[in-house]
Each structure stands twice: as structure tokens, then as C-alpha cells.
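Comments concern the structure below.
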Amino acid sequence: MSSRRLAAAFLVTLALLGAGCNKIKSKQEIKKGNEYFKAGQYQTALASYQEAQRLDPNEKKLQKNIGLAYMGMYQPGSKHQKDLEFAGKAIEHLKQYLDAYPEDKKAREFLLSLYLGTERYDDAVSFYEQMLREDPKDIKAIGSLASIYFKKGDFDQGVSWLEKRLALEPRDAQPEVYHLIGAQAWDRSYNYPDIDPAAKNQMIDRGLEALNKALEIRPDYFEALTYVNLLYREKAKLETDTVKQAEYLAKADEYRNQALELRRRKQTEAASAPPPTPEPTK
């Protein structure tokens with residue numbers, strides 16, 4: 001072998017040995033970082049993870065460690081610029097990690113919590129839409145999309161997603177979904193006075209329709225009775241005709257009384273029920 005080839009081979013060997021040495025050093029830094037992370041010293045942990053990444057830049061799993069360190073430094077709910085930067089960095093690194101390891105459900109949950117905590121609702125929507133492309137019948141993802149749209153103030157889109165959920169739920173589980181529609185209709189009507197009266201009235205009617213469907217399936221649904229009462233009171237506020245206004249308030253009283261009677265009956269039944277039979281200690 002020529003001296004030139006020997007030199008080239010020697011350099012390759014040195015490079016391989018150096019790379020192997022760096023991997024060992026990187027693992028040592030990761031171990032140190034993990035210890036700092038467990039102790040809640042997230043900034044120090046981050047420094048170790050970043051050094052590990054410098055030593056072994058091809059180790060994709062480090063993106064998760066770095067992302068979680070930034071997440072640990074972020075104060076949930078804070079609007080301070082520094083916290084938003086930490087959250088943004090955490091999101092950036094967790095996304096890179098999930099590109100390589102999309103099956104890591106825990107990392108996906110961390111990413112989603114950051115989207116919601118920083119009100120990055122459009123990113124959260126895209127996240128759940130991706131989940132539904134993987135499993136179009138994922139009821140949890142569908143319900144979460146509805147919740148996000150309600151947080152964004154988009155009542156119609158929220159209801160649209162709940163209707164998709166209704167199509168997948170068994171009949172005995174549907175009352176809770178109808179109740180959600182009614183509760184959201186009341187929330188928007190009661191807490192957002194600037195909504196156009198015509199749009200608000202349409203929203204109230206949609207809520208009442210949903211709650212009545214819940215009561216068709218489960219007549220003794222206390223929460224549904226309560227929200228029907230509340231929605232009729234909201235409807236009365238919008239009415240200029242005093243006769244119709246009185247009719248709506250009478251309807252509200254009717255459902256309120258039904259709810260109170262149902263609660264009294266259940267309390268009486270609970271009080272008169274025999275105590276549970278004690279079981280012998282095993």
C-alpha cells in the first residue's frame with residue numbers, strides 16, 4: 001500500500017475513533033443533563049443537552065430532551081416575552097423530534113399542551129387534523145377540535161365538530177354531546193353581549209334544539225334541564241314583545257322547576273337507600 005493510502009486510512013481511523021469518543025462524551029452529558037432535569041435545574045440541564053448535541057449532532061432523540069428543558073423553563077399561562085420564547089423553543093425542538101419519532105404519544109401531548117398554553121390554536125387545529133388523517137374516527141381528537149373552536153369563539157365550527165362526534169357516539173352517550181352544544185350556546189349568549197342579536201337568537205335556538213334532543217334520550221338529565229331554563233332566559237332578554245317575553249320566562253321557570261324537582265327526588269332516593277352491606281376484611 002502506498003504511503004498516501006496509508007495516510008488516508010490513518011486519517012479515517014482517527015476520525016472514526018474521534019466520532020466514537022464524542023458519542024461517549026455526548027452520552028455522559030445527557031446523563032448529567034437528566035440528573036439536572038430531575039432536580040428541576042432546567043437551565044443547567046439545557047446546557048448539558050446542548051453540549052451533547054454539539055458532540056453528537058446526529059442524535060435526533062436529543063431534540064426531545066432540549067425541548068423538555070425549554071418547557072421546564074416556561075411558566076404556563078405567562079405572557080412574558082421570555083416565557084413565550086422558551087415555549088417557542090420547546091415547540092421547535094419537539095416538532096423536530098416528532099418528525100423523526102412520530103409514534104411518541106407523550107411527546108405529542110407535550111407539544112399540544114404548549115400549543116394550547118400559548119393560545120396557538122391554529123397549530124393545535126393542524127395537530128388534531130393530522131391525528132384524524134391517521135384515524136378519522138378518533139372521537140377524542142374530534143371533541144378536542146370542537147373545544148378549540150369554541151375557545152377561538154367560533155361557535156358554528158365547534159358545533160360542526162360536535163355533530164361529527166355525535167355520528168360516532170352510541171345513542172346513550174349522545175346526551176352529553178348535545179349538552180355541550182347547549183352549554184356553549186348559553187356561554188356565548190350570556191358572556192358576549194356584543195354579538196349581533198339575530199345571530200345570538202339563532203345560537204340560542206340551536207342550543208335549545210340540542211338540549212331537547214338530549215332530554216328525548218335522557219328525560220332526567222338535570223344539566224340539560226338547567227341549561228334549557230338558562231337559554232329561555234337569554235331568549236327573553238332579546239324579545240321586545242312583552243307577551244312573548246313572558247312566555248319565554250314562563251318556559252324558563254317550568255324547566256327550572258323540573259330540574260329542582262328532579263334534584264329533590266334524587267336526594268330523597270339517596271337518603272332512603274339502604275346503607276351498603278359491609279364486606280368482611282380479607
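Hydrogens, waters and symmetry mates are skipped; everything else that's a heavy atom, side chains included, is used.
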Determine, step by step, whether L211 and W186 satisfy the side-chain contact (heavy atoms from CB on, under 4.5 Å) criterion, reporting the C-alpha distance in whole Å, the side-chain angles of both residues, the deciding distance to 0.1 Å, and the verdict. CA-CA 11 Å; L211 291 167; W186 174 81; over 6 Å; no
Does the N212 side chain pair with the main chain of L208, one donor and one acceptor, at a distance under 3.5 Å? yes
Which distance, rounded to the nearest 0.5 Å, do you find between the OG of S144 and the CG of L116? 8.0 Å
Between Y74 (side chain) and G77 (backbone), is there a donor-acceptor pair under 3.5 Å? yes
What is the minimum heavy-atom distance between E169 and I139, and which atoms define it? OE2-CG2, 3.6 Å
Please step through side-chain contact (heavy atoms from CB on, under 4.5 Å) for the pair L262 and Y221, ending with a clear verdict. CA-CA 9 Å; L262 177 62; Y221 196 173; over 6 Å; no
Can you confirm whether the side chains of R133 and Q130 place a donor and an acceptor under 3.5 Å from each other? yes
Restricting to non-hydrogen atoms, name the atom on L162 and the atom on V177 that form the minimum distance, rounded to 0.1 Å. O-CG1, 3.7 Å
Full working for ring-ring contact (aromatic ring centres under 6.0 Å, His included) between Y121 and Y115: CA-CA 7 Å; Y121 295 134; Y115 284 151; over 10 Å; no
Go through it in stages, so that I can follow the logic: the residues are Y97 and N65, the test is side-chain contact (heavy atoms from CB on, under 4.5 Å), and I'd like the CA-CA distance, side-chain angles, deciding distance and then a yes or no. CA-CA 9 Å; Y97 169 77; N65 298 56; over 6 Å; no
With side chains defined as the heavy atoms from C-beta onward, is the minimum distance between Y248 and I204 less than 4.5 Å? no
Please find the pair of heavy atoms, one from P197 and one from L238, that lie closest to each other, and give the distance. O-CD1, 4.0 Å
Polar side-chain atom of T268 near backbone of R264 as donor-acceptor pair, under 3.5 Å: yes
Given side chains that start at C-beta, do those of E51 and S48 come closer than 4.5 Å, heavy atoms only? no
Heavy-atom count around K164 NZ within 6.0 Å, excluding the residue itself: above 12? yes
Evaluate R218 against E223 for salt bridge (Lys or Arg N to Asp or Glu O under 4.0 Å), listing each step before the verdict. CA-CA 11 Å; R218 193 186 301 170; E223 288 80 3; over 6 Å; no
Run K213 and E209 through salt bridge (Lys or Arg N to Asp or Glu O under 4.0 Å) and show every step you take. CA-CA 6 Å; K213 287 179 179 177; E209 180 185 4; 3.7 Å; yes
Taking the side chain as C-beta and beyond, is there a heavy-atom pair between L180 and R165 under 4.5 Å? yes
So, does T226 use its side chain to make a donor-acceptor pair with the main chain of F222 at under 3.5 Å? yes
Beyond-backbone contact of L68 with Y42, side-chain heavy atoms, under 4.5 angstrom: no
Count I, L, V, M, F, W, Y as connected when their side-chain heavy atoms are under 4.5 Å apart, and connections chain through other members. Are Y190 and L225 then in the same cluster? yes
Side-chain (S126) to main-chain (D122) donor-acceptor, under 3.5 angstrom: yes
Step by step, work out the salt bridge (Lys or Arg N to Asp or Glu O under 4.0 Å) result for K38 and E35. CA-CA 5 Å; K38 288 175 184 176; E35 290 170 358; over 6 Å; no
What one should report as the nearest heavy-atom pair of D83 and S78 is OD2-OG, 2.7 Å
Taking the basic N atoms (NZ, or NE/NH1/NH2) and the acidic carboxylate oxygens, is any pair closer than 4.0 Å for D241 and K244? no
Calculate, to the nearest 0.5 Å, the distance between atoms CG and CG belonging to D253 and N229 respectively. 7.5 Å
Answer yes or no: are there more than 12 heavy-atom neighbours, outside K266 itself, under 6.0 Å from its atom NZ? yes
Side chains of I24 and Q28, heavy atoms from C-beta outward: is any pair under 4.5 Å? yes
Taking the side chain as C-beta and beyond, is there a heavy-atom pair between S26 and L62 under 4.5 Å? yes
I91 and R120, any side-chain heavy atoms less than 4.5 Å apart: yes
In terms of hydrophobic clusters joined by side-chain contacts under 4.5 Å, are L84 and L112 together? no
For the CZ atom of F86 and the NE2 atom of H80, what is their distance to the nearest 0.5 Å? 9.5 Å
Looking at every heavy atom in both L145 and L132, which two are closest together, and how far apart are they? CD1-CD1, 3.5 Å
With rounding to the nearest 0.5 Å, note down the distance linking NZ in K237 to CZ in R233. 10.0 Å
Is it the case that one hydrophobic cluster holds both Y227 and I195, taking links as side-chain heavy atoms less than 4.5 Å apart, direct or via other members? no
Taking the basic N atoms (NZ, or NE/NH1/NH2) and the acidic carboxylate oxygens, is any pair closer than 4.0 Å for K140 and E109? no
I would like to know whether R171 and I217 meet side-chain contact (heavy atoms from CB on, under 4.5 Å); could you show each step before the answer? CA-CA 8 Å; R171 181 175 169 80; I217 301 170; 3.6 Å; yes
Distance-minimising heavy-atom pair for L98 and A107: CD2-CB, 3.8 Å
Can you hop from I181 to I142 via hydrophobic side chains spaced under 4.5 Å? no
Enter the distance from Y36:OH to Q43:CD here, rounded to the nearest 0.5 Å. 12.5 Å
Salt-bridged, E134 to R108, with N to O below 4.0 Å? yes
Salt bridge or not between K25 and D56? Use side-chain N to carboxylate O under 4.0 Å. no
Looking at D156 and R206, is there a salt bridge between them, counting it only when a charged N and a carboxylate O are closer than 4.0 Å? yes
Linked, directly or transitively: F150 and Y128 (ILVMFWY side chains, under 4.5 Å): no
Is R188 paired with E234 through a side-chain N to carboxylate O contact shorter than 4.0 Å? no
Q202 side chain near F155 side chain, heavy-atom distance below 4.5 Å: no
Would you give the length of the straight line joining atom NZ of K235 to atom CG of L230, rounded to the nearest 0.5 angstrom? 15.0 Å
Indicate yes or no: does K79 engage E119 in a salt bridge with an N to O separation below 4.0 Å. yes
Going by distance alone, is a donor N or O of one side chain under 3.5 Å from an acceptor N or O of the other, for Y49 and N34? yes
